[in-house]
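These notes are about the structure you will find just below.
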Amino acid sequence: MPERAEVLHLLQEEEEESLRRQAEEATLAQKGSHVFVRGLLEFSNRCKRNCLYCGLRAQNSRISRYLLAEDVIVASAESAVAAGADTIVLQSGEGCFEAAWLAEIVREITTRLKVPVTLSVGECKSADYELWREAGAARYLLRHETSDAALYARLHPGHTLENRLQCLRTLAALGYEVGSGFMVGLPGQSLESIADDILLCRKLNVDMAGIGPFIPQSGTPLAANGGGSAALALRAIAALRIIHPRLNQPATTALASLDPARGQTEGLRWGANVLMASFTPPAAAKDYRIYDNKCRVSMRDAALAIEAAGRTHGLKASL
Ligand code: 5AD
Ligand code: SF4
């Protein structure tokens, strides 16, 4: 079993091209050349939490808040599926809508469009997770953000890592395919704790994990901090692929935001096998400002990134 020292070795000492190649080979062996493309719908930027790093935090009064109407969400999902998205990911801040309302939307998308629905709407009551599961939601994304409990508590006032992990366990027990993930380059985050993040993903036996660099966002308490590097995020993606090869890993939007031309292609070359293309209506997407200069990845961007990485996709040739 690779322990912390081995993961640390992958993160900092392994020769760059050798690490990348090992990760790419593990990806191709476990997942094949195909890259899954999800359709992302950021249906609300309202949030009751105050994560220090995030532009959607409740105390940020500089952004205008929205909640898309049910018919807009379903129509956007329809166009994502028509463009070749294999899954609809419904994402929002936390605590900003009625659970029964979301259950209806999940039911509508799964029955009418016949694609799996992934939810990413934060820490919620078990009863709500259960309701959405019964409505047809198959997957849930809830990044653990950092495995360092003290850092977690500093970044998430009033919340604990333990509760986050309990939510992940509840979701798995309800039969969801579960996704976690974390940021690299958070203020006060050590390389050891990034190694622990990677080991935690394996310990939780997650089906998915999103790893992205921290990007400072104006109007947040961390605005003046340095951000994480794409290079370290790529090494973390590769290390996780090597020690937990069966999981799905997106080349995250944060990578694209640091390097719009190559970020996601590099993610795919370093162990990722999933992309998320945004189908959030553009007027709303500009207010989904988690961090500064966040990219809106289109289906065409996704197709080009996949082709540039020498991989295959099931998107329409007419893109
Ligand atoms: N930089 C990078 N990623 C961020 N997220 C939130 N704020 C930032 C930021 N400033 C990530 C978190 C969250 C996901 C939706 O976006 O990991 O889980
Ligand atoms: Fe809300 Fe999620 Fe942003 Fe935290 S990271 S403030 S929970 S949207």
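Each ligand, and each atom within it, is numbered from 1 in the order the structure gives. Position 1 is the first residue of the sequence, and the numbers go up from there.
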Item to check | Shortest reach to atom 5 (N) of ligand 1 by a heavy atom, considering only L186, T146, L155, I290 | outcome: I290
Item to check | Option whose closest heavy atom lies nearest to atom 9 (C) of ligand 1, chosen from I215, D292, L258 | outcome: I215
Item to check | E123 side chain reached by R164 side chain, heavy atoms, under 4.5 Å | outcome: yes
Checklist entry - So do D207 and N248 actually touch side chain to side chain, heavy atoms under 4.5 Å? => result no
Checklist entry - Taking all atoms of both residues into account, what is the closest heavy-atom pair of V121 and S92, and its distance? => result CG1-OG, 3.4 Å
Item to check | Shortest non-hydrogen separation from G39 to A85 and the atoms involved | outcome: N-CB, 3.6 Å
Checklist entry - Taking the non-hydrogen atoms of M183, is any one of them nearer than 4.0 angstrom to ligand 1? => result yes
Next on the checklist: With a 4.0 Å cut-off on heavy atoms, is S120 in contact with ligand 1?
Outcome noted: no
Side-chain donor-acceptor pairs of residues 66-76 under 3.5 Å, sequence neighbours excluded:
| unit_1 | atom_1 | unit_2 | atom_2 | d |
| --- | --- | --- | --- | --- |
| Y66 | OH | E42 | O | 2.8 |
| S76 | OG | V72 | O | 2.7 |

Checklist outcome for this item: Only one of I211, T146, D196 passes side chain to side chain contact (heavy atoms under 4.5 Å, CB included) with F182, and that residue is I211
Next on the checklist: Using the side chain to side chain contact (heavy atoms under 4.5 Å, CB included) definition, which of the options I88, V117, I105 pairs with L41?
Outcome noted: I88
Could an N or O of ligand 1 be found under 3.5 Å from any N or O of [X], whether backbone or side chain?
X	value
Y53	yes
E145	yes
R143	yes

Next on the checklist: Just by distance, no angles: are the side chains of R246 and N205 close enough, under 3.5 Å, to form a donor-acceptor pair?
Outcome noted: yes
Item to check | Distance, nearest 0.5 Å, that separates NE2 of H156 from CG of N50 | outcome: 11.0 Å
Checklist outcome for this item: Chain-and-number sorted residues having a heavy-atom contact under 4.0 Å with ligand 2 are C47, R49, C51, Y53, C54, L56, R57, G93
Checklist outcome for this item: The atoms of ligand 1 lying under 4.0 Å from a heavy atom of C54, numbered in the order shown, are 7 (N)
Checklist entry - Which bit of P213 gets closer than 4.0 Å to ligand 1, counting heavy atoms only: side chain, backbone, both or neither? => result backbone
Checklist entry - Do the numbers put R46 on top of the ring of F97, so that NZ or CZ is under 6.0 Å from the six-membered ring centre and no more than 45° off the axis? => result no
